2 protein chains.
Amino acid sequence: MSAASEPPGLRADAARNRRLLLDAAATVFAEHGTQASIAQIAQQAGVAKGTVFRHFPTKDDLVAAIVCDQLDHLAAVGTRLSEAADPTAALFEFMTTAVDLQSRDRSLCQASAEVFADNRAVQAAADRLTEIAEVLTGRAQTQKGIRDDVTGQDVILLLRGIYQAAAPLSDHQPTLWRRYLAVVFEGLRSPGTQPLPLPAPDLFRSSGTRVEQHRAP
Amino acid sequence: MSAASEPPGLRADAARNRRLLLDAAATVFAEHGTQASIAQIAQQAGVAKGTVFRHFPTKDDLVAAIVCDQLDHLAAVGTRLSEAADPTAALFEFMTTAVDLQSRDRSLCQASAEVFADNRAVQAAADRLTEIAEVLTGRAQTQKGIRDDVTGQDVILLLRGIYQAAAPLSDHQPTLWRRYLAVVFEGLRSPGTQPLPLPAPDLFRSSGTRVEQHRAP
DNA sequence: TCGAAAAATGACCGATGGGTCATCTTCTGC
DNA sequence: GCAGAAGATGACCCATCGGTCATTTTTCGA
C-alpha cells in the first residue's frame with residue numbers, strides 16, 4: 001500500500017532489501033510489538049543493521065510505514081463494507097475485522113496511542129480510517145441499527161478498548177475479544193436508558209488541523 | 001495496605017525511607033507509568049538509587065508493591081459497595097471508581113497485562129479484586145439489573161478496555177472514559193438480542209492454581 | 001568490461017537503565 | 001557515649017538499543 005509502494009529510482013538490490021525489510025518488520029512488530037529492536041528486524045530480514053537505517057532514517061519511520069499499511073488495509077475493508085446491503089451488519093463486520101487485526105498484530109494497537117499521535121503519515125491514515133468509520137456508523141444509524149449519539153470516532157476508539165479488554169488473556173483465549181465486542185455492540189444497539197454522557201470526541205479543530213493528543217514518553 | 005505495611009524490625013531511618021520510596025513510586029508510576037526509571041523514583045524520594053534496591057530487590061518488586069496497593073484499595077471500595085441498597089447502581093459505581101483510578105494512575109492498567117501475570121502478590125491481589133467483582137456482579141444479576149451471562153471476571157477485563165478506549169485522548173478529554181463506560185454498561189444491562197459468544201474466561205484451574213496468562217516481553 | 005555511483009556492512013558511539021558493592025553514615029542497645 | 005550492626009551512598013558494571021560512518025561490495029549505464 002501507500003508506504004509499501006517502492007519509491008522509484010531504487011537499485012535492484014535496494015528495492016529487494018526494502019521489501020525484505022517491510023515484510024520482516026511487519027512480522028516482528030506483529031508478534032513482539034513496537035518494542036522489538038531494529039537488530040531483530042534486520043536479522044529477520046537477513047540484512048545488516050545499517051541497511052535498515054538507509055531505508056528508514058529512524059525506527060519510528062519504519063513503524064509508521066507498517067502501521068500505515070495496516071490502517072489502510074482496514075480502511076479498504078471499511079470502504080468495501082460501506083456498500084453492503086445491511087449497514088448494521090456491515091458495521092459489526094467492520095468492527096470484527098478491526099479487532100481481529102489488532103489481535104494478530106500487537107503493533108497496531110500500540111501505535112494508535114503511543115508515539116504516533118504526532119506522526120504525519122500515521123495521522124493521515126488514521127483520519128482516513130475514521131472517515132470510513134463515520135460513513136459506516138452513519139449508515140447503521142439511518143437504518144436505526146445503532147443509537148444515533150455515537151460517532152465513527154467513538155467506534156474507532158472502542159475498537160481499541162475491545163481488544164485491550166481481552167488482551168491480558170489473549171495467549172490463553174485468543175478469541176475472547178469476540179465476547180467483549182458483543183457486549184459493546186449490544187451497548188451501541190438501541191437507544192439506551194439515557195443519552196451518553198459528554199460530547200463525542202472531536203479530533204479536528206475548526207481549522208482542520210488536528211489537536212495534539214498525546215505526549216511521547 | 002498489604003505491601004505498604006512496614007515489615008517489623010526496621011530501623012527508624014529505614015522505615016522512613018521505605019515510606020518515602022513507596023510514596024514517590026506511587027506518584028511517579030501514576031504519572032509516567034511503569035517505564036519510569038528507578039533513578040527517577042529515587043530522586044523523587046530524595047534518596048540514593050542503592051537505597052531503592054535495598055528495600056526492593058528488583059524494580060518489579062517495587063511496581064508490584066504499588067500495584068497491589070491500588071488493587072487492594074479498589075477491592076476495599078468494592079467490598080463497601082457490596083452492601084449497597086441498589087446492587088446495579090453499586091456495580092456501576094464500582095466500575096466508575098475503577099476506571100477513574102486507572103485514568104489517574106497509568107501503572108495500574110499496564111501492570112494488569114504486562115509483567116505481572118506471574119507475580120505472586122499481584123496475582124493474589126487481582127484474585128481478591130475479581131472475587132469482589134463476582135459478588136457485585138452476582139447481586140446486580142439477582143436484581144435483574146444486568147444480563148446473567150456475564151461474570152465478575154468479564155467486568156474486570158472490561159474495566160481495562162473502557163479505560164484503554166479513551167486513553168489516546170486522555171490528555172485532551174480526561175473524562176471521555178465516562179462515555180465508553182456508559183456504552184459498555186448499556187451493553188451489560190438487559191439480556192441482549194442473543195447470548196454472548198464464547199464461554200466466560202476462567203482464570204482458575206480445578207486445582208485452584210492460576211493458569212499462565214502471558215509471557216513477559 | 002570498467003568505473004563511478006549507489007548500496008550494504010558491521011564495528012563503533014553515546015545514552016539509558018537495572019542492578020552491584022566497597023565505603024561511609026546513622027542508628028540503637030548496652 | 002561507644003561499639004557494632006543496619007542502612008545509605010554513589011561510583012561503577014554491563015546489557016540493550018537507536019543511530020553513525022568509514023570501508024567494502026554490488027549494480028548498471030556507457
Side-chain angles (χ1 to χ4, degrees), chain A residues 6-25 28-29 31-67 106-107 110-111 114-116 118-119 216-217, chain B residues 6-25 28-29 31-67 106-107 110-111 114-116 118-119 216-217:
Chain A
E6 301 105 49
L10 276 189
R11 233 170 62 176
D13 53 346
R16 192 187 62 230
N17 280 341
R18 188 186 160 87
R19 262 263 66 83
L20 287 173
L21 273 174
L22 284 168
D23 290 348
V28 173
F29 284 147
E31 184 172 354
H32 301 289
T34 57
Q35 66 268 35
S37 72
I38 292 289
Q40 205 173 343
I41 288 156
Q43 185 185 18
Q44 168 90 15
V47 139
K49 212 173 65 170
T51 304
V52 182
F53 289 101
R54 162 165 285 266
H55 289 274
F56 304 93
T58 71
K59 182 182 178 179
D60 281 359
D61 290 322
L62 178 55
V63 178
I66 300 300
V67 169
R106 296 193 53 185
S107 67
Q110 292 180 309
E114 264 173 29
V115 202
F116 300 98
D118 52 343
N119 178 295
Chain B
E6 301 105 48
L10 276 188
R11 234 170 62 175
D13 53 348
R16 193 186 62 230
N17 280 342
R18 188 187 160 87
R19 262 263 66 83
L20 287 173
L21 273 175
L22 285 168
D23 290 349
V28 173
F29 283 146
E31 184 172 353
H32 302 289
T34 55
Q35 66 266 34
S37 72
I38 292 288
Q40 205 173 343
I41 287 156
Q43 186 185 16
Q44 168 88 16
V47 139
K49 211 173 64 168
T51 303
V52 182
F53 288 101
R54 164 165 285 267
H55 288 274
F56 303 93
T58 71
K59 182 182 179 181
D60 282 359
D61 290 323
L62 177 55
V63 177
I66 299 300
V67 169
R106 296 193 54 186
S107 68
Q110 293 181 309
E114 263 173 28
V115 202
F116 299 98
D118 53 343
N119 179 295

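Here is the naming used below: chain letters follow the sequence lines, and residue numbers restart at 1 for every chain. From a predicted model like this one, the values you see are computed outputs, not experimental measurements.
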Whole-Å gap separating C1' (D:dT26) and CG (A:Leu10) | 14 Å
CD of A:Gln40 versus C1' of D:dG19: gap in Å, rounded?
-> 17 Å
When rounded to the nearest 0.5 angstrom, what is the spacing between CG in B:Asn119 and OG1 in B:Thr58?
-> 8.5 Å
Might you work through the side-chain contact (heavy atoms from CB on, under 4.5 Å) test for B:Leu21 and B:Arg18, ending with a clear yes or no?
-> CA-CA 5 Å; B:Leu21 273 175; B:Arg18 188 187 160 87; 5.6 Å; no
Of A:Gly50 and B:Pro57, the one whose nearest nucleotide on DNA chain C sits closer to the 5' end is A:Gly50
Within this structure, what is the CG-to-C1' distance between A:Asp61 and D:dG18, rounded to whole angstrom?
-> 13 Å
Atom-to-atom span, CD1 of B:Ile38 to C1' of C:dT20 - whole angstrom = 14 Å
State, to 0.1 Å, how close B:Val67 and B:Ser107 come at their nearest heavy-atom pair, and which atoms those are.
-> CG2-O, 4.3 Å
Whole-Å gap separating C1' (C:dG18) and CD (B:Gln35) | 15 Å
Distance in angstrom units between A:Leu20 CG and C:dA7 P, rounded | 15 Å
Separation of D:dC17 atom C1' from A:Phe53 atom CZ, nearest Å, is 9 Å
Output the distance between atom CD1 (A:Ile66) and atom CG (A:Asp23), rounded to the nearest 0.5 Å.
-> 8.0 Å
Would you state whether a donor and an acceptor, one from the side chain of B:Lys49 and one from the base of C:dG19, lie under 3.5 Å apart?
-> yes
Closest heavy-atom contact between A:Pro57 and A:His55?
-> CD-O, 3.9 Å
What's the CG-P distance between B:Asp60 and C:dG17, to the nearest Å?
-> 16 Å
Take A:Arg54 and B:Thr58, find for each the nucleotide of DNA chain C with the closest heavy atom, and name the residue whose nucleotide sits nearer the 5' end.
-> A:Arg54
Under 4.0 Å: is that the gap between some side-chain N or O of A:Ser37 and OP1 or OP2 of D:dT16?
-> no
Between C:dA8 and A:Asn17, is there an OP1 or OP2 to side-chain N/O distance shorter than 4.0 Å?
-> yes
Sort me out a list of protein N/O and nucleotides 24-27 of chain C N/O pairs below 3.5 Å, or just none if empty.
from: C:dT26; atom 1: O2; to: B:Arg11; atom 2: NH1; distance (Å): 3.2
from: C:dT26; atom 1: O2; to: B:Arg11; atom 2: NH2; distance (Å): 3.1

Smallest heavy-atom separation, B:Thr34 atom then B:Lys59 atom, equals O-NZ, 2.8 Å
Listed nucleotide nearest any side-chain atom of A:Val47, set C:dT9, C:dA8, D:dT9 = C:dT9
Hey, does B:Ile41 have a side-chain heavy atom less than 4.5 Å from the side chain of B:Phe29?
-> yes
Any side-chain N or O of B:His55 less than 4.0 Å from the OP1 or OP2 oxygen of D:dA8?
-> yes
